[in-house]
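Everything below concerns the one structure shown next.
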Amino acid sequence: MKAVYPGTFDPLTNGHLDIIERAANIFDEVVVLINQNPRKQNLFTVEERIEMIQKSINTLKNASKISVMSGKGLTVNIAEGIGAKTMIRGIRAVSDYEYELATATANMKINPSIETFFLIARPEYTFLSSSTVKEIAMNDGDIRDFVPSPILEDVLKRLKQNQSM
Ligand code: ADP
């Protein structure tokens, strides 16, 4: 069975990568989907995020079951279009749950053929988000434990570029 893991991934964190790996242990195929949302101001372009996710996935044992793509529009429609019946989301805390519950219920209304599947964050990653990573790195904190090692330099380089602007 094919599953889609949609998100912004700006940038990918170890929390995201853990969800991807665990999903690939359950499903035959996992497609990481970058939502193209022109209303969101992102640090990395979609192309950069695809490349960073690909580099990180390559370190996983089950990498051959995972792919990356980007898409515009409703995620349920993209999922259906590529033959996926399931969407994966991660839950870190009750605050995530409230938002995810509303989104999953709306998606159920829009397209009842797609099920949302939740994986809870590993305890070591419950605090971890893309914005936390950006905030820590921007203030010269150490993000080595928070982002996959193949993309560490990409993240640090971009934040340095931004600071000198
Ligand atoms: P979005 O803008 O769609 O929330 P994100 O890239 O922030 O995109 O997150 C994508 C998904 O991954 C969401 O379901 C989010 O709850 C989940 N997620 C984010 N960080 C973690 C983490 N540290 N552990 C587990 N799941 C996470």
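Nothing here was measured: the structure is a model prediction, and the numbers come from that model.
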Sequence neighbours excluded, every pair satisfying salt bridge (Lys or Arg N to Asp or Glu O under 4.0 Å) that has a member inside [range]:
range            : result
residues 86-103  : Arg89-Glu100, Arg92-Asp96
residues 109-119 : none
residues 50-59   : Lys55-Asp154

Side-chain polar contacts of residues 70-77 - donor-acceptor pairs under 3.5 angstrom, sequence neighbours left out - could you list them?
from: Ser70; atom 1: OG; to: Gln36; atom 2: NE2; distance (Å): 3.0

Can you name the side chain to side chain contact (heavy atoms under 4.5 Å, CB included) partners of Thr132, sequence neighbours left out? Ser129, Ile136
Could you list the residues that satisfy side chain to side chain contact (heavy atoms under 4.5 Å, CB included) with Glu80, not counting sequence neighbours? Asn111, Ser113, Ile114
Name all residues meeting the salt bridge (charged side-chain N to carboxylate O under 4.0 Å, His left out) criterion together with Asp140; count only those two or more places apart in sequence or in a different chain, and write none if there are none. none
Test of understanding: with salt bridge (charged side-chain N to carboxylate O under 4.0 Å, His left out), list the residues that count as partners of Glu135, not counting sequence neighbours. none
Side-chain polar contacts of residues 4-15 - donor-acceptor pairs under 3.5 angstrom, sequence neighbours left out - could you list them?
from: Thr8; atom 1: OG1; to: Lys40; atom 2: NZ; distance (Å): 3.1
from: Asp10; atom 1: OD1; to: Leu43; atom 2: N; distance (Å): 3.2
from: Asp10; atom 1: OD1; to: Phe44; atom 2: N; distance (Å): 2.9
from: Asp10; atom 1: OD2; to: Leu43; atom 2: N; distance (Å): 2.7
from: Asp10; atom 1: OD2; to: Lys134; atom 2: NZ; distance (Å): 2.9
from: Thr13; atom 1: OG1; to: Gly15; atom 2: N; distance (Å): 3.1
from: Thr13; atom 1: OG1; to: His16; atom 2: N; distance (Å): 3.2
from: Thr13; atom 1: OG1; to: His16; atom 2: ND1; distance (Å): 3.4
from: Asn14; atom 1: ND2; to: Asp145; atom 2: O; distance (Å): 2.8

Mind jotting down which residue pairs meet the ring pair (Phe, Tyr, Trp, His ring centres under 6.0 Å) criterion with at least one end in [range]? Sequence neighbours excluded, please.
range            : value
residues 120-142 : Phe127-Phe146
residues 91-120  : Phe27-Phe117
residues 45-82   : none

